[in-house]
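This report concerns only the one structure given below.
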Amino acid sequence: MDRLLITICGRAGSKGFKNKNLKVFCGQPLVYYSLSAAELFCRAHPELHIDLALNTDSEDLARLVAARYPEVVYLPRGAELGGDAVPKMAVYQDSLRRMEARTGQPYDWHMDLDITSPLRTAADIENAFALKQSRPDLDLVFSVCEARRNPWFNMVKTVGDHVEQVNRSEFTGRQQAPACFDVNASIYVFRRDFLAGNTDGLLWRGKIGASVMMDTGIIDIDSEHDYLLMEAIAAHLYQRFPEFAAVRDNIRPAEAL
């Protein structure tokens, strides 16, 4: 049976938006949306052995997860991985190493679901994982959204005392330029050996595939403004798109345990 590790990783505090990983989003703790989406994915894949783990230095977050999802393995994060300059890859590697030591077996893949991406559907996870499964040549698949700006057409960079095109071109319409995507950090699916063997924390060392998500469902939550805007978008998506509401409605109630 193929083995998959799914991680949820979150630091205590946040310079941009204090304690954002502990926030309540549309009536439920933010982290529960990722756990609910993971549960829907697990339910759809009985052919896989799937373990879930939480890597955090926040005891409050650990208690929150354990309250409704006690099967999630808590991996207390060491101080050496607690700074905001620590690359995500180092945290993923720490999770993989400790879970393999705990289970005594290697995994085939490692998937990470970002806490601050509550508007992620089960299909989004399915699409990213299916792409990685179908492409053994890929070291990594991550989720993206179609970019609303293009560096060959309508983006600029500062050069001395003026601005210039990011990439010089003579395109007169965005449709002429190469397709570009925003990396939204919602889903990562690693080939186990690529992740375990990385030495510098850079994702770009591998061959990467992109799984496209709906762009309106992803906003970087770095402020109270971002958070309130995301809740307004959620109200629209829950009303119009059942696949988004399905994740919210699948969150375990407190009395389920």
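Just so you know, residue 1 is the first one in the sequence shown, and it goes up from there.
Once rounded to the nearest 0.5 Å, the distance linking CZ of Arg11 with NZ of Lys20 reads 8.0 Å. Rounded to the nearest 0.5 Å, atoms CG (Leu140) and CE (Met89) are 7.5 Å apart. Summarising the geometry, atom CD1 belonging to Ile208 is positioned 12.0 Å from atom NZ belonging to Lys132; distances are rounded to the nearest 0.5 Å. Rounded to the nearest 0.5 Å, atoms CG (Leu35) and CG (Leu30) are 10.0 Å apart. Atom OG1 in Thr121 sits 6.5 Å away from atom CE in Met213 (nearest 0.5 Å).
Ring-centre distance between Tyr32 and Phe25: not below the 6.0 Å cut-off.
In this structure, the side chain of Glu47 does not engage the main chain of Met1 through any donor-acceptor pair within 3.5 Å. A donor-acceptor pair under 3.5 Å is formed between the side chain of Asn127 and the backbone N or O of Ala123. Formation of a donor-acceptor pair under 3.5 Å by the Asp182 side chain with backbone atoms of Asn184 is not found in this model. Judged purely by atom type and a 3.5 angstrom limit, Asn198 uses its side chain to pair as donor or acceptor with the backbone of Leu202.
Considering every non-hydrogen atom in both Ile50 and Leu52, the closest pair reads CG2-CD1, 4.0 Å. Annotation for Ala12 and Asp57: closest pair N-OD1, 2.6 Å, computed over non-hydrogen atoms. Between Ala53 and Leu5 the shortest heavy-atom distance is CB-CD1, 4.2 Å.
Residues forming a side chain to side chain donor-acceptor pair (under 3.5 Å) with Arg43 (at least two apart in sequence, or on another chain): Glu39, Asn250. Not counting sequence neighbours, the partners of Ala185 by the side chain to side chain contact (heavy atoms under 4.5 Å, CB included) test are Lys88, Tyr188. Applying the side chain to side chain contact (heavy atoms under 4.5 Å, CB included) test to Arg135 and every residue at least two apart in sequence or in another chain returns Leu131, Asp137, Leu138, Lys207. A search for salt bridge (Lys or Arg N to Asp or Glu O under 4.0 Å) contacts involving Asp60 returns Arg63, not counting sequence neighbours. Remark: Gln175 pairs with no residue by the side chain to side chain contact (heavy atoms under 4.5 Å, CB included) rule, at least two apart or across chains. The salt bridge (Lys or Arg N to Asp or Glu O under 4.0 Å) check on Arg149 picks up nothing, with sequence neighbours excluded. Applying the ring-ring contact (aromatic ring centres under 6.0 Å, His included) test to Tyr107 and every residue at least two apart in sequence or in another chain returns nothing. With sequence neighbours excluded, no residue forms a salt bridge (Lys or Arg N to Asp or Glu O under 4.0 Å) with Arg174. Judged as a salt bridge (Lys or Arg N to Asp or Glu O under 4.0 Å), and not counting sequence neighbours, the contacts of Glu71 are Arg252. Cys9 meets the side chain to side chain contact (heavy atoms under 4.5 Å, CB included) test with Thr7, Asn55, Arg77, Val91, Tyr92, Ser95, Asp112; sequence neighbours excluded.
The side-chain heavy atoms of Ile6 and Leu4, taken from C-beta on, include a pair separated by under 4.5 Å. Side-chain contact between Phe181 and Ser211 is absent, with no heavy atoms from C-beta onward closer than 4.5 Å. At a threshold of 4.5 Å between non-hydrogen side-chain atoms, the residues Gln28 and Arg68 count as touching. With contacts defined as side-chain heavy-atom distances shorter than 4.5 Å, the pair Thr116/Tyr227 does not qualify. Between Ile187 and Phe129 there is no side-chain heavy-atom pair separated by less than 4.5 Å. Side chains of Arg192 and Glu100 form a contact here, defined as non-hydrogen atoms less than 4.5 Å apart.
No chain of hydrophobic side-chain contacts below 4.5 Å, direct or via other Ile, Leu, Val, Met, Phe, Trp or Tyr residues, connects Leu195 to Leu54. Placement of Phe41 and Ile115 within a single hydrophobic cluster is found when ILVMFWY residues are connected by side-chain heavy-atom separations under 4.5 Å, directly or transitively. Tracing side-chain contacts under 4.5 Å through hydrophobic residues (I, L, V, M, F, W, Y), one reaches Leu22 starting from Met230; they form part of the same cluster. Leu203 and Trp109 fall into different hydrophobic clusters, where Ile, Leu, Val, Met, Phe, Trp and Tyr are joined by side-chain heavy atoms under 4.5 Å apart, directly or via other members. By the criterion of side-chain heavy atoms lying less than 4.5 angstrom apart, applied directly or through intervening Ile, Leu, Val, Met, Phe, Trp or Tyr residues, Ile125 is grouped together with Ile251 in one hydrophobic cluster.
There is no side-chain donor-acceptor pair under 3.5 Å between Arg120 and Ser143.
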For residues 237-249, run the donor-acceptor check on the side chains, cut-off 3.5 Å, and write out each pair with its distance to 0.1 Å, sequence neighbours left out.
none

Got a list of side-chain donor-acceptor pairs under 3.5 Å for residues 151-158, not counting sequence neighbours?
| from | atom 1 | to | atom 2 | distance (Å) |
| --- | --- | --- | --- | --- |
| Asn154 | OD1 | Asn150 | N | 2.7 |

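Taking 4.0 Å as the cut-off between side-chain N and carboxylate O, Asp108 and Arg3 do not count as a salt-bridged pair.
Other residues, nucleotides and ligands place no more than 12 heavy atoms under 6.0 Å from the NE2 atom of His225. Within 6.0 Å of the CD atom in Gln105, the count of heavy atoms belonging to other residues, nucleotides or ligands exceeds 12. Applying the 6.0 Å contact sphere to CD of Gln176 captures more than 12 heavy atoms from other residues, nucleotides or ligands.
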Self-check item: Working for side-chain contact (heavy atoms from CB on, under 4.5 Å), residues Tyr33 and Leu119
Solution: CA-CA 8 Å; Tyr33 291 85; Leu119 300 180; over 6 Å; no
**OP:** Mind running side-chain contact (heavy atoms from CB on, under 4.5 Å) on Thr56 and Val65 for me, showing each step along the way?
**Re:** CA-CA 11 Å; Thr56 185; Val65 170; over 6 Å; no
Tyr74 vs Glu59, side-chain contact (heavy atoms from CB on, under 4.5 Å): CA-CA, chis, key distance, verdict: CA-CA 10 Å; Tyr74 171 35; Glu59 292 185 5; 4.2 Å; yes
- [ ] Test side-chain contact (heavy atoms from CB on, under 4.5 Å) on Asn21 and Val31 and set out the steps.
- [x] CA-CA 7 Å; Asn21 291 328; Val31 67; over 6 Å; no
